[in-house]
Amino acid sequence: MRFAKLWQMVIMTKSPSEGWVSRLLRDGLPVAVMLAATLLIWYIGAVWMNASGAIERVLPHDSPWNWQDLLAATLDMQRPVLPAPHQVALDFWSSLVDWPIDSPRNLLFHVAVTAESTLWGFVLGTLLGLVLAVLIVHSRTLDRALLPWIVASQTVPVLAIAPIVLVILGSLGFSGLAPKAVIAMYLCFFPVTVAMVQGLRSPQRIETEMMHTYAANWWQSLWLLRLPASLPFLFPALRVGIAAGLVGAMVAELPTGAVAGLGARLLTGSYYGNTVQIWSALVMSALLGLALTMAVAGVERLVLRRRGGQT
Amino acid sequence: MNNPDNLSIISQLSPPAGGRLAVEIRKASVVYQTADSPVHALENIDLNIREGEFVSLIGPSGCGKTTLMRVIADLEHISAGQVLVNGVSPHEARLARAYGYVFQAPALFPWRTVLANVTLPLQIQGRTKADSKVIAMAHLERVGLQGFEGKYPWQLSGGMQQRVSIARALSFEPKILMMDEPFGALDEITRDRLNEQLQQLWQRERRTVVFVTHSIAEAVYLSTKIVVMSPRPGRIVKVIDSPLPDERHLGLRDTTEFIQVAHEVREALADGHHD
Amino acid sequence: MNNPDNLSIISQLSPPAGGRLAVEIRKASVVYQTADSPVHALENIDLNIREGEFVSLIGPSGCGKTTLMRVIADLEHISAGQVLVNGVSPHEARLARAYGYVFQAPALFPWRTVLANVTLPLQIQGRTKADSKVIAMAHLERVGLQGFEGKYPWQLSGGMQQRVSIARALSFEPKILMMDEPFGALDEITRDRLNEQLQQLWQRERRTVVFVTHSIAEAVYLSTKIVVMSPRPGRIVKVIDSPLPDERHLGLRDTTEFIQVAHEVREALADGHHD
Amino acid sequence: ADKVTVQLKWLPQAQFAGYYVAQSKGYYKEAGLDVTIKPGGPDISPVQVIAGNGADVVVNWMPDALAAREAGVPLVNIAQVFNQSGLMLTCKKSSGVSSPKDFKGKTLGVWYGGNEYPFLNWMAKLGYKPGTDIKILKQGFNVDPLLQNQAACISTMIYNEYWQVVDAGVKESDLVTFFYEKEGVASLEDGLYVMEAKLKDPAFVARMGKFLKATFKGWNDAVKDPAGAAKIVVAADMSGSASEKVQQRQMENVAKLITNAGTAKIGYLEPAAFERTVKVLLAAGSSPVIKKDPGKAAYTHAVWDAAAK
Amino acid sequence: MKPQLTKTLLFVLACLMGAVLLMMQPAALGQLPEGTVPAGMFWLATAILGALAMQSVRWMAALDGGRLVGMATAALFGVWIVYFWQLLVVAFDVPRVLLPPPSLIVQAIGEHGGILWDDFVQTVLKAVLIGWAMGSGLGFLVAVAIDRQPFLQRGLLPLASLTSTIPLVAVAPIAVMWFGFEWPSKAAVVVLMTFFPMLVSTLAGLKASGKLERELMYSYAASYSRTLLALRLPAALPFIFGALKVNATLALIGAIVAEFFGSPTSGLGFRISTEASRMNMPLVWSAIVVAAITGSVAYAVLVQFERRAAFWHPSVRGA
Ligand SMILES: Nc1ncnc2c1ncn2[C@@H]1O[C@H](COP(=O)(O)OP(=O)(O)OP(=O)(O)O)[C@@H](O)[C@H]1O
Ligand SMILES: Nc1ncnc2c1ncn2[C@@H]1O[C@H](COP(=O)(O)OP(=O)(O)OP(=O)(O)O)[C@@H](O)[C@H]1O
Ligand SMILES: Cc1ncc(C[n+]2csc(CCO)c2C)c(N)n1
Ligand SMILES: [Mg+2]
Ligand SMILES: [Mg+2]
């Protein structure tokens with residue numbers, strides 16, 4: 001019961017008075033139409049892009065075939081350039097129901113692996129981002145010396161040097177989850193730092209001066225004014241951050257031996273020429289990304305509600 | 001350099017008769033360093049404020065009213081001269097929580113309820129939760145906001161918000177109440193009502209109040225002493241001791257006595273307003 | 001439902017004697033649909049504004065002054081009743097560029113110079129560049145801003161910005177000038193000066209002006225007709241035709257005649273102010 | 001038990017069946033070893049891993065290992081599992097390639113990361129200048145460039161990628177293949193390498209000896225029973241992508257590269273084969289893999305001898 | 001203010017001199033005889049220099065002055081980082097395949113300047129620039145096009161957020177399959193990565209103009225296109241530039257990573273991946289340095305453009 005209520009609060013997007021039917025119509029209908037359009041384009045694209053491959057490898061060379069054969073062939077290829085939506089859906093579904101949840105052939109198994117390193121990276125990255133932001137706001141030295149380098153740090157293609165990072169961390173004794181979490185963290189912390197620097201500085205002068213007239217100390221100003229004021233900045237950054245962390249975690253899976261996880265699944269799909277598998281892993285990673293950002297958005301809503309529902 | 005000296009005589013002519021000095025300002029100057037040229041926000045200011053006085057600062061934009069308030073509140077440092085608050089430096093006075101400051105905007109924290117906003121300074125002073133709550137509720141009642149303590153600031157009208165801000169400034173019982181255009185953003189009717197309430201509050205408690213306003217009527221209605229300032233550089237043009245009785249009501253504003261004082265203030269303002 | 005009928009008699013009692021009707025409002029209502037309950041922003045409003053009149057709307061916050069202005073300016077639709085501007089619907093009047101609107105904030109485009117801001121409506125009307133510039137310069141001079149045409153808005157003080165906004169509204173010579181608390185954010189001295197300039201402008205050109213203010217003094221000083229409104233639901237409490245002479249100066253404000261009208265307005269306000 | 005970590009060169013597949021079989025059948029445990037098998041992948045350089053102390057022994061190809069030696073990571077070959085090269089160039093007939101002289105003007109897919117040197121050597125021999133006479137593309141992990149006709153030929157392994165092309169629907173009769181072994185540019189592939197410094201420790205040598213012995217036992221089993229090996233490999237694949245059918249076929253082909261399986265010579269590095277590889281590598285056109293002959297220090301039979309005992 | 005400046009500069013100079021002296025020690029040059037470790041004195045000197053370096057940055061930061069001082073502080077900080085990287089990597093004898101000292105990286109940049117230039121041309125001038133311009137441009141145009149269609153917006157934006165969570169590692173192999181191994185496939189990845197941030201930002205930017213300003217235009221009976229040009233696009237500029245800046249780094253990273261999945265034989269990503277597996281770490285790091293400098297310069301250039309174009313915005317004019 002409590003859970004149901006909580007869940008309702010999480011998924012609630014508009015004021016409760018608005019009927020869910022009208023909400024569904026207003027928000028759901030456009031999405032449904034766009035989805036349908038996407039599917040249609042996808043099918044057309046599948047036929048279009050697979051045609052030459054089908055003619056070359058699938059359709060008989062010696063006997064005649066008509067366009068229906070071609071159509072059927074393009075939508076049911078072993079190694080399509082673009083698999084048809086129903087192929088992906090079937091593969092996706094069968095991976096979920098045909099295998100036990102702890103089997104490496106079940107996508108949820110990989111979701112769990114990737115989500116774990118993503119979440120660790122997210123938590124660590126958020127903490128790092130918070131600490132850096134507090135330090136930067138606190139110290140002019142760090143503001144001037146560090147902030148430009150934090151921006152520059154993001155122009156280093158971490159994804160490109162993930163293998164090196166992994167080896168270096170490995171030589172320091174970190175292996176398994178840790179290096180993946182570190183790379184996810186590297187991508188996570190930046191948006192948090194930038195937003196929090198902005199957020200911690202968002203209190204107007206009048207507000208900081210008010211705290212000054214109360215003779216509040218640094219810690220009290222931080223805790224009572226700066227942190228609460230920065231929450232509206234923090235949450236959008238967290239949403240960006242967790243998506244970035246997912247990318248980091250998946251990339252980091254490749255050089256860890258691609259043992260398990262959605263990134264590994266993508267890689268091996270590509271390696272074994274299993275295009276359909278790539279696409280269902282891709283769909284799954286997009287869904288995971290959506291779920292994670294929605295979870296953050298849910299927490300945001302709960303927190304903002306606790307402080308009165310407005311920012 | 002003779003003009004200010006001239007003027008300072010005025011304030012020195014009214015000696016600290018009726019009580020101890022709450023604020024003592026001697027030859028204070030404030031110069032802001034800006035990119036192109038220094039701004040003389042205050043020049044050679046002399047001013048005494050006795051305990052229990054209601055002093056209004058009035059003058060055109062940029063004449064240094066806010067700066068003067070900020071100097072007293074230790075939010076700004078003087079470039080020359082001396083300032084004493086309750087006999088000590090503004091810094092010590094601030095640490096001793098000698099004053100409450102009400103800004104032009106209510107500056108309430110939107111993530112805190114009305115009650116939590118009022119308890120904020122108490123919490124910072126280390127009072128217990130229960131204590132703070134009792135005190136805060138008492139002050140909310142005093143400004144007529146009982147029943148609203150659970151609301152969030154944006155659920156209140158502008159006038160109510162400003163009253164919360166006043167309750168907050170009063171809550172830790174500061175000796176001095178500093179108010180910088182507290183009613184500037186309100187409509188005239190609400191403003192009148194708050195003026196009346198502020199008057200009654202001052203009647204009851206006789207705290208020292210330093211008040212900034214742009215409205216002549218407001219200054220005359222509220223104050224026992226009106227300080228008229230002029231800009232570039234910021235200085236005091238005239239200090240007018242109000243002949244009005246201490247007990248006041250809004251109807252007073254249509255009396256000739258009131259109009260007389262208002263006229264005097266307007267003339268002083270026009271004198272100082274030379275651009 | 002009888003009360004408004006009652007009140008509407010007042011405005012019907014003053015027939016369109018001295019000129020054609022610029023604005024004609026008959027039994028107009030505006031209801032906002034909100035999440036919980038509908039807000040009756042305006043209810044059964046009757047109002048005639050003749051050409052060349054200077055009409056002030058005054059009343060407590062939320063009484064519908066802005067809504068009324070917006071209805072006339074075709075920024076809001078009425079839920080019931082009828083509104084005519086220059087004899088046509090507000091929509092047609094807007095397309096015919098019948099009015100200039102001055103908002104409470106200056107609403108200048110920060111990426112345009114002062115001059116470019118003023119020429120904007122002229123350009124939209126399809127005037128040539130050279131033409132627009134000549135007209136804009138003339139209007140900038142009229143509000144005392146010659147020499148500032150090359151500056152950007154943020155390089156001006158609040159009062160100067162508001163004057164730019166007025167020059168912009170005047171520049172395309174609209175028959176009606178709508179001003180929604182144009183001086184609300186300014187200090188009293190600057191405000192006085194702009195009031196004086198506005199008065200002189202109206203003297204010279206006798207445009208129809210609809211003006212919203214919170215200040216009784218301002219309303220009395222400027223208007224030929226003062227419309228006092230009250231909230232929940234928004235309605236007209238009283239329409240006061242000013243007995244003051246058309247030619248006015250700031251000194252007028254200390255006369256008994258002025259104080260008399262101000263008193264009348266204040267009383268009407270207090271009547272409508274029931275909360 | 002003694003801990004041993006082995007870093008593979010590629011994803012878990014039958015190419016490494018010997019190790020998985022030895023692990024699965026408990027041969028390592030019997031030898032008193034606790035072996036960790038780290039799978040590789042496209043972004044894993046076994047050399048970096050062993051230099052970063054992430055493994056005791058790595059599976060690597062000789063060009064890569066000798067290049068690492070020159071770059072300051074002194075790897076030493078302790079055993080050569082594959083005594084034949086499985087590397088080949090696979091072309092579509094339809095692209096107009098039927099012999100090496102048809103390469104001119106064509107796009108050829110090549111694996112980088114050390115594997116390009118034998119190829120460049122070959123092209124140098126044929127007299128082609130990369131970039132002008134032929135166009136080279138850095139091939140990814142799969143055979144798409146050939147299927148999408150983006151390249152006339154691509155690099156494949158006889159035990160793996162070649163069959164992926166076939167599985168994709170291209171008939172074997174439509175393909176032309178060039179084996180490096182036959183073109184005389186082959187270099188030694190999967191071998192076991194350790195850091196030189198560690199070999200000074202007799203205990204390490206003994207441990208590796210036990211490791212080799214158990215590993216060879218695993219390889220012998222795998223070669224004998226490809227189906228069983230495939231099952232074990234599939235079970236070890238945590239990505240859930242490997243299939244038994246594919247792995248069994250791979251194992252059957254890998255078996256052809258271990259011609260000495262089942263004999264006492266399994267895993268023995270023939271000095272002559274080593275010399276041949278070095279020669280190929282030293283002569284790779286304008287930029288040879290290695291600039292100087294590493295000499296006999298680059299391999300040792302000490303561990304193999306210990307295992308043979 | 002002036003003496004403060006001189007004092008700081010002198011101190012920085014003294015620190016740098018000390019740094020040069022320390023760098024000339026055998027331990028710092030890696031010239032210690034095989035098997036010996038640097039002496040305690042060396043570590044002591046290093047620690048003291050570290051403290052001095054921190055102090056010098058602190059003083060530099062405390063100077064009054066605008067962006068120039070800020071840049072100088074950041075530069076000084078960077079110099080110290082590189083310096084201690086060099087010192088410690090050599091002194092600890094960290095294997096070159098793990099982390100090469102900066103000196104070797106600089107040397108590699110010098111030696112392989114030609115190669116790196118080719119890589120730069122291949123990756124940055126072709127894939128990144130074209131992809132970035134196309135992706136951002138397309139995002140902008142689509143945003144303007146669907147600005148008037150709330151239905152399309154409500155339908156597209158959730159899909160956009162869904163798409164934006166697709167990791168580029170998944171897209172890159174598909175792009176190579178579809179568009180070939182040359183730069184168009186990299187550009188395609190970049191287009192996909194940059195399209196949605198620009199779309200979303202521009203849509204937000206077009207909504208950023210104040211209600212008052214929009215009503216002003218309405219009261220002038222201004223046309224849709226007029227309002228767009230005179231009001232809404234200028235007001236959207238800060239948002240558009242924000243997206244351009246984010247996209248610049250995204251594009252660079254995207255193109256480089258995409259090159260891992262098949263490429264011609266040049267390009268920064270190609271260089272990084274092939275040289276890494278060849279243990280040529282100095283060259284790998286050279287390519288990374290080229291990428292990082294490119295990204296930072298692009299960012300800085302965009303900031304300059306923004307200062308010109310959105311000169312009126314409070315964040316630019318420093319109000
Ligand atoms: N931080 C500052 N830096 C530079 N000049 C300043 C600063 N603060 C205020 N000034 C200048 O000092 C003078 C006095 O400002 P102050 O704010 O005290 O005026 P004020 O009387 O409160 O005006 P207002 O009625 O507009 O609030 C003005 O000319 C102002 O421009
Ligand atoms: N868009 C809206 N939706 C719902 N209610 C509205 C809206 N705009 C105004 N109102 C309500 O309509 C009433 C009249 O508002 P209006 O802005 O016209 O008042 P006003 O007299 O201009 O007040 P003020 O002096 O504060 O500007 C108020 O109660 C207000 O809350
Ligand atoms: C990045 C990269 N791509 C391909 C290879 C070549 N390679 C070596 S072993 C092996 C397995 C064959 O099934 C393959 C493909 C490599 N070393 N590195
Ligand atoms: Mg002020
Ligand atoms: Mg209004």
Side-chain angles (χ1 to χ4, degrees), chain A residues 26-27 29-35 37-38 49 81-82 139-149 151-161 163-164 167-168 171 243 246-251 253-254 262-263 266-267 269-270 275 278-279 281-283 285-290 292-293, chain E residues 54 57-58 60-62 69-71 73-74 76-78 81 95 97-99 150-156 158-159 161-171 173-174 177-178 248-249 252-253 256-257 259-261 268-269 272-273 276 281 284-285 287-288 291-296 298-299:
Chain A
R26 207 200 51 208
D27 293 341
L29 190 65
V31 178
V33 170
M34 292 311 293
L35 266 178
T38 310
M49 298 179 77
V81 178
L82 174 59
S139 146
R140 174 165 160 149
T141 306
L142 289 178
D143 179 24
R144 289 190 152 177
L146 202 56
L147 198 53
W149 289 103
V151 173
S153 80
Q154 296 301 304
T155 64
V156 171
V158 223
L159 308 188
I161 58 168
I164 306 171
V167 171
I168 293 176
S171 75
L246 176 61
V247 173
M250 289 182 60
V251 171
E253 278 166 11
L254 309 190
L262 289 174
L266 278 165
L267 174 79
S270 161
T275 318
I278 303 182
W279 280 84
L282 197 147
V283 169
S285 61
L287 288 179
L288 176 61
L290 198 68
L292 289 173
T293 36
Chain E
M54 256 149 71
V57 174
R58 206 170 288 151
M60 192 76 146
V69 175
M71 265 156 64
T73 312
L76 183 64
F77 183 72
I81 294 287
V97 282
L98 291 187
L99 190 65
F151 186 86
L152 281 185
Q153 283 182 50
R154 272 204 290 272
L156 264 180
L159 285 188
S161 67
L162 188 71
T163 327
S164 66
T165 60
I166 296 179
L168 79 119
V169 275
V171 179
I174 294 172
M177 186 157 84
W178 287 4
T249 39
L252 199 62
I253 292 174
I256 287 176
V257 173
E259 281 177 356
F260 279 35
F261 296 81
L268 292 170
I272 290 172
S273 66
M281 296 320 269
V284 171
W285 282 90
I288 291 171
I293 290 179
T294 306
S296 301
Y299 196 91

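Every chain is numbered from 1 and lettered A, B, ... according to where its sequence line falls, protein lines coming before strand lines.
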- Does a side-chain heavy-atom distance below 4.5 Å link A:Thr141 with E:Met60? no
- Between A:Val251 and E:Val257, is any pair of side-chain heavy atoms under 4.5 Å apart? no
Count the heavy-atom pairs under 4.5 Å between each of [options] and chain E, then report the option with the highest count.
options: A:Arg144, A:Met34, A:Gln154; answer: A:Arg144
options: A:Ile168, A:Leu29, A:Leu266, A:Val81; answer: A:Val81
options: A:Leu282, A:Leu262, A:Leu35; answer: A:Leu282
options: A:Thr293, A:Val33, A:Leu142; answer: A:Val33

Heavy-atom distances under 4.5 Å only: say whether [X] touches chain E with side chain, backbone, both or neither.
X: A:Thr38; answer: side chain
X: A:Ile278; answer: side chain
X: A:Thr275; answer: side chain

Name the option with the most non-hydrogen atom pairs under 4.5 Å to chain A; the candidates are [options].
options: E:Pro158, E:Ala291, E:Ala62, E:Pro150; value: E:Ala62
options: E:Met71, E:Glu259, E:Arg154; value: E:Arg154
options: E:Ile293, E:Leu152, E:Val69, E:Leu268; value: E:Val69
options: E:Ile174, E:Val171, E:Val57; value: E:Ile174

- Using side chain to side chain contact (heavy atoms under 4.5 Å, CB included) as the criterion, list what pairs up with E:Ile81, not counting sequence neighbours. E:Phe77
- Which pair of non-hydrogen atoms, one from A:Pro30 and one from E:Phe151, has the smallest distance, and what is that distance? CB-O, 3.3 Å
- Message: Need one label for E:Ser296: side chain, backbone, both or neither, based on atoms under 4.5 Å from any heavy atom in chain A.
- Response: both
- Task: Sort E:Leu252 into side chain, backbone, both or neither according to what part of it lies under 4.5 angstrom from a heavy atom of chain A.
- Result: side chain
- Task: With rounding to the nearest 0.5 Å, note down the distance linking CE in E:Met177 to OG in A:Ser270.
- Result: 8.0 Å
